[in-house]
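Just below is one structure, and these are the notes that go with it.
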Amino acid sequence: MNDKSFYLVFAYPTTSGALHVGHVRSYTLPDIIAKYHLSKGENIFFPVGFHATGSDAMKIFNAIKADPDKAESYGIPRDGIDKINEPADVVKVLASSYIGLFRKAGFSLNYDAAISTIDPAYSKVIEWQFRKLHELGYLIQKDYQLPWCPNENQPVHLDASESDIASFKGNKVIKYDLVLFEGDLPLMGYTMDLSGLLGSITLEINPKEKYAEAVIDGKKVVISEKAIGKLLNLDRDIKKIRDVAIGGTDSLKILNPITHERVTIRETPFEIADGTDIKIIADAKTEESKKHHNATAGDEVYKKLEASNRIDTMQELSAKPVYCRCGAEVIVKTIKNQWFIDYGNRDWKESAKKLVDNISTFPSGYKDELYGIIDWLGPRPCVRRTGLGTKFPFEDGWIIEALSDSNIYMAIYIIAEAVNSGKIHVNSISDELLDYVFLGKGEMNEVSSTTGIATDTIKALRDRFESTYPLDVNFGGMEHKSVHFPFFIFNHAAIFPEKYWPRAIFLNWHVISNGAKMSKHLGNYVSWNDALNTYGTDAVRLYIASGAEQWSIFNWSNQVAGETKTRLVEFINQTRRLIKLSTNSNSTGDNETIFDQWLLSKLNSSIQSVTAYMDRYEIRPSIVEAFSDMTGHLSSYLSYNKINNKTLKTFIEKHLAMLYPFIPNTSTELLRDLGVDKAQIKWPSIEKERINKKLENVFNSLDNTIKDLNSIRKIKNKYQENENNTCYLYVSTDEEKIIYEEAKERLTKTAGINEIVVFKVGDKDIYDPENRASRAKPFRPAIFMTG
RNA sequence: GCAGGGAUGGCAGAGUCUGGUCAAAUGCGCAAGGCUUAGGACCUUGUGCCUUAGGGCUGCGUGAGUUCAAAUCUCACUCCCUGCACCA
């Protein structure tokens with residue numbers, strides 16, 4: 001469609017507390033791109049939503065109910081507390097405070113399409129999505145192991161960043177392969193690397209543990225008593241038969257089931273109970289045996305053991321013991337028949353990769369990474385028992401979890417827009433409607449009769465979808481690299497036809513503060529609101545856009561933020577002065593000099609390169625050129641003291657228009673002084689005929705000559721007083737001669753020379769006592785300095 | 001364990017893909033001069049070492065290599081940071 005909007009989204013914020021300067025980065029970068037497209041006169045669609053799925057809102061709700069004074073630390077404004085009667089109200093209050101911040105930050109968002117993931121309209125689409133996944137066979141059920149508190153009878157989240165419990169840090173559920181050995185006793189050892197069995201091995205037992213014979217799934221094994229307990233927690237069919245003593249005996253004959261060699265048994269010096277407490281240790285003494293340690297070799301061993309019914313697995317925590325807040329020791333428990341989205345499905349992986357083939361990523365290297373991530377992903381649990389969210393349509397008592405309900409929200413904004421504006425009622429959203437709007441499936445009249453929505457409304461929705469989809473670019477933080485973005489790709493590949501597949505992904509790295517991860521405990525936490533109040537909207541935008549490349553960590557510093565603010569104020573003051581000057585009728589000079597030609601050439605060169613940068617989402621180079629470099633060009637121009645009002649005005653006007661995406665308030669305000677209305681602000685077009693690279697080179701050489709003059713003068717001054725130094729310059733071309741003549745004033749001033757005489761090499765009346773002229777090169781005049 | 005990013009001058013941070021134009025952008029800081037009653041702001045210049053003419057030397061985490069030429073390419077190493085599934 002020719003009226004396709006430029007469609008961009010950022011990974012919407014989770015309603016879990018106050019927003020900080022890290023969010024500013026994640027949302028300002030897309031807003032800069034949005035404003036760029038806006039100022040080019042394009043339609044844009046830039047909606048915003050709020051991620052409320054999960055237990056955050058409930059936690060905040062409970063915390064506030066227990067202690068209302070804590071509300072502000074969760075980003076809930078004082079006047080919002082009264083409105084909170086249930087967890088969903090937390091979402092509403094936070095969402096409205098976020099919107100307040102977005103407005104304060106001047107974002108060009110489509111607020112009309114705002115939605116949260118717990119709104120009924122959102123759920124309708126998610127249910128539709130899950131029915132699609134189910135039809136495709138991408139929803140599967142299998143057992144699942146997770147950390148569990150036996151006392152509270154609920155899952156424990158071992159998230160270091162969310163918890164102050166030290167043993168949670170880095171802890172996770174790991175999987176051991178269990179191997180049944182041959183010989184006198186059916187010892188069952190554990191390992192994470194089966195390939196070790198290809199070489200010679202040792203079994204380590206723990207003298208502090210009691211061992212027992214048990215029957216698991218009808219098979220006799222010897223493991224530790226503790227391991228029997230752990231397997232019971234995992235809901236395994238296991239029964240103890242008798243105690244067994246295996247410590248301190250050398251007569252026991254145990255064979256490696258792969259090599260059939262006898263293995264040695266020894267006692268571990270460590271007291272940590274782990275696995276079955278019979279640890280398989282590969283005697284990897286030589287380089288040769290190390291070669292066997294790889295995944296392929298492990299797979300082969302697995303297959304062999306599987307054939308002889310000698311392999312099993314168990315899950316447990318990577319570090320033990322871990323205690324829940326309630327004091328109970330955390331166990332690993334098996335959930336039977338958990339629902340998964342099967343990201344391990346091979347066909348699905350293929351179509352996801354096909355999608356990646358046609359996507360652009362910024363930075364570009366992420367694209368290559370994506371293929372590996374897609375290969376690596378396996379089935380992902382998609383439902384949980386508690387929290388807010390959409391009810392799972394295929395089994396009661398489950399809620400669709402947070403990362404499974406946030407993959408096609410770009411399509412949902414179209415529906416949200418219609419619901420919010422009252423065009424359709426949430427109850428009339430049906431699978432038939434969504435099939436029609438998103439996929440073009442079905443008959444409009446039928447959809448109209450089953451939903452009760454007028455045909456022209458349905459057609460408008462379909463048109464709206466077609467004029468926005470596909471998504472042009474999805475912005476998100478790097479934490480989404482291996483989770484959200486791949487899921488987003490998988491789900492689009494599964495559900496939408498190829499023409500609606502997204503076109504680009506933009507990743508930005510994190511913001512830290514004063515060299516450390518932002519945290520309220522460390523006192524380096526900077527809230528968005530405070531940043532805006534202290535430094536102002538545009539200074540924050542400028543700092544965020546120019547402070548670091550997108551793919552590196554941004555180290556927020558209040559000092560630099562303050563300096564940026566000062567810089568911006570200076571820029572505003574300077575520009576105001578120049579606007580006054582450029583509109584002052586007393587100023588002279590309508591004739592275009594060489595300096596005007598140069599400045600206009602520089603202006604258009606800059607427009608050209610910044611436009612190219614912006615089209616490639618290279619925001620930092622854009623702002624460096626558009627702000628720092630261009631300001632420098634202007635100040636060079638001014639230093640020649642041959643100011644032409646018209647040139648100055650043209651430059652300022654286009655320069656400010658280029659700055660609009662980055663510092664919109666400043667740009668708008670200053671352009672108003674120039675008589676340009678906000679609605680008229682247009683990204684400047686390139687006047688190619690104005691670009692004169694040769695002229696730019698001569699001016700570059702001028703700067704180099706100043707450096708040369710300074711260095712000569714500096715050395716001379718060291719050994720003698722400089723009274724009346726005259727400098728003779730020998731240039732190579734007529735063009736250079738004209739420019740150097742014109743620029744004499746600046747040269748004498750900045751290089752501290754009393755007088756400058758310019759000759760062209762070969763001039764008849766040339767004064768050249770030391771035959772320097774022979775050293776002149778194009779763009780590099782020779783110099784003779786007296787005194 | 002798997003994967004990714006990084007290390008540049010007093011500081012922040014470009015430059016690395018496409019080797020030379022890089023003693024290294026830009027900003028801050030610092031120094032000198034101008035302006036100013038003063039301070040601030042602003043303007044100019046300087047800010048690795050040496051050098052009586054635009055030159056030389058050293059230098060971009062460490063070590064080695066490729067090349068006429070390396071911050072930039074190759075290999076090894078050290079250190080820092082980040083993500084990894086039921087947390088969003």
Side-chain angles (χ1 to χ4, degrees), chain A residues 11 13-16 51-56 117 144 146-147 155 157-163 172-174 192-193 295 318 335 338-341 343 363-366 369 372-373 376-385 387 401-404 406 477-484 487 507 509-510 512 517 546-549 551-555 557 559-560 562-564 566-567 569-570 573-574 577 620-621 623-625 627-629 631-632 635 638-639 700 704-720 746 749-752 770 772 775 780-785:
Chain A
T14 305
T15 47
S16 60
H51 203 191
T53 309
S55 43
D56 285 312
T117 59
Y144 176 59
L146 77 170
H157 305 303
L158 300 178
D159 189 318
S161 65
E162 300 291 324
S163 171
K172 59 182 177 180
V173 174
I174 51 174
M192 286 185 82
D193 181 11
S318 56
I335 305 292
Q338 167 82 314
W339 285 90
F340 286 71
I341 297 178
Y343 293 120
S364 58
Y366 177 53
E369 248 185 276
I373 294 169
W376 164 80
L377 277 171
R380 180 193 166 85
C382 62
V383 294
R384 49 181 298 182
R385 286 288 183 194
E401 62 85 36
L403 279 165
S404 300
S406 55
M478 45 101 97
E479 72 274 19
H480 298 304
K481 253 163 83 167
S482 50
V483 185
H484 165 67
F487 294 174
L507 288 174
W509 265 231
H510 280 160
I512 60 172
K517 192 167 178 174
S546 64
E549 284 287 0
W551 55 82
S552 57
I553 291 169
F554 188 109
N555 188 1
S557 136
Q559 191 196 327
V560 180
E563 288 163 7
T564 309
T566 308
R567 249 180 107 186
V569 170
E570 283 168 17
N573 292 339
Q574 164 83 339
R577 272 198 293 275
R620 192 173 189 281
I623 186 63
V624 168
E625 168 114 29
F627 191 75
S628 307
D629 293 353
T631 308
S635 92
L638 298 173
S639 71
N700 281 345
N704 288 332
T705 302
I706 289 170
K707 272 186 200 162
D708 287 346
L709 290 173
N710 273 316
S711 76
I712 295 168
R713 188 177 50 82
K714 204 175 109 196
I715 292 164
K716 285 175 88 78
N717 286 0
K718 214 167 176 178
Y719 298 93
Q720 63 202 56
R746 179 175 177 217
K749 204 167 119 197
T750 55
E770 292 193 9
R772 300 256 170 207
R775 300 173 65 161
R780 186 91 204 265
I783 300 166
F784 172 63
M785 199 185 282

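In the text below, chain A, chain B and the rest are named by the order of the sequence lines, each starting its count at 1.
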Got a sec, which residues hit salt bridge (Lys or Arg N to Asp or Glu O under 4.0 Å) with A/D708, two or more places apart in sequence or on another chain?
A/R780

Sugar-phosphate or base contact per nucleotide [nucleotides 4-14 of chain B; S, B, -; heavy atom under 4.0 Å]
SS-------SS

Rounded off to whole Å, could you give me the CZ-to-P distance for the A/F487 and B/rA88 pair?
12 Å

Salt bridge (Lys or Arg N to Asp or Glu O under 4.0 Å) partners of A/E369, counting only residues at least two apart
A/K481

Nucleotide B/rA88, atom C1' - distance to CG of A/D56 in whole Å
6 Å

Which residues satisfy the salt bridge (Lys or Arg N to Asp or Glu O under 4.0 Å) test with A/R620, sequence neighbours excluded?
none

Taking salt bridge (Lys or Arg N to Asp or Glu O under 4.0 Å) as the test, write out the residues that go with A/E770, two or more places apart.
A/R772

Applying a 4.0 Å non-hydrogen cut-off, can you work out what A/P13 is touching in the nucleic acid: base, sugar-phosphate, or nothing?
nothing

If you look at every strand shown and take non-hydrogen atoms under 4.0 Å, does A/R780 touch a base, only sugar-phosphate, or nothing?
base

Quick test: give all pairs of protein nitrogen or oxygen and nucleotides 42-45 of chain B nitrogen or oxygen below 3.5 Å, distance rounded to 0.1 Å.
unit_1 : atom_1 : unit_2 : atom_2 : d
B/rC42 : OP1    : A/E570 : OE1    : 2.6
B/rC42 : OP1    : A/E570 : OE2    : 2.2

With sugar-phosphate meaning primed atoms plus P, OP1 and OP2, does A/L377 contact a base, only sugar-phosphate, or nothing at under 4.0 Å between heavy atoms?
base

In chain order, what residues pass the side-chain hydrogen bond (donor to acceptor under 3.5 Å, both in side chains) check against A/N555, with sequence neighbours excluded?
none

With A/Y343, which residues qualify under ring pair (Phe, Tyr, Trp, His ring centres under 6.0 Å), at least two apart?
A/W348, A/F487, A/F490

With the side chain of A/A402 defined as its heavy atoms from C-beta on, choose the nearest nucleotide among B/rC84, B/rA88, B/rA53.
B/rA88

Rounded to whole Å, CH2 of A/W376 lies from C1' of B/rA85 at a distance of 7 Å

Kindly express the pairing pattern of RNA chain B in dot-bracket notation, using | wherever a base pairs with another strand and counting only Watson-Crick or G-U pairs under 3.5 Å.
((((((((.[[[..)....(.....]]]((((((.......))))))(((....)))...[[[[[..)....]]]]])))))))....

Grab the CD-P distance between A/E625 and B/rG15 for me, whole Å please.
14 Å

With sequence neighbours left out, write down each residue that passes side-chain hydrogen bond (donor to acceptor under 3.5 Å, both in side chains) with A/R385, or none if nothing qualifies.
none

The side-chain hydrogen bond (donor to acceptor under 3.5 Å, both in side chains) partners of A/R567 (sequence neighbours excluded) come to A/S628

Nearest whole Å is fine: how far is B/rG29 P from A/E563 CD?
6 Å

For A/T564, all residues meeting side-chain hydrogen bond (donor to acceptor under 3.5 Å, both in side chains), sequence neighbours excluded:
none

Under 4.0 angstrom, heavy atoms only, what part of the nucleic acid is A/F627 near: base, sugar-phosphate, or nothing?
nothing

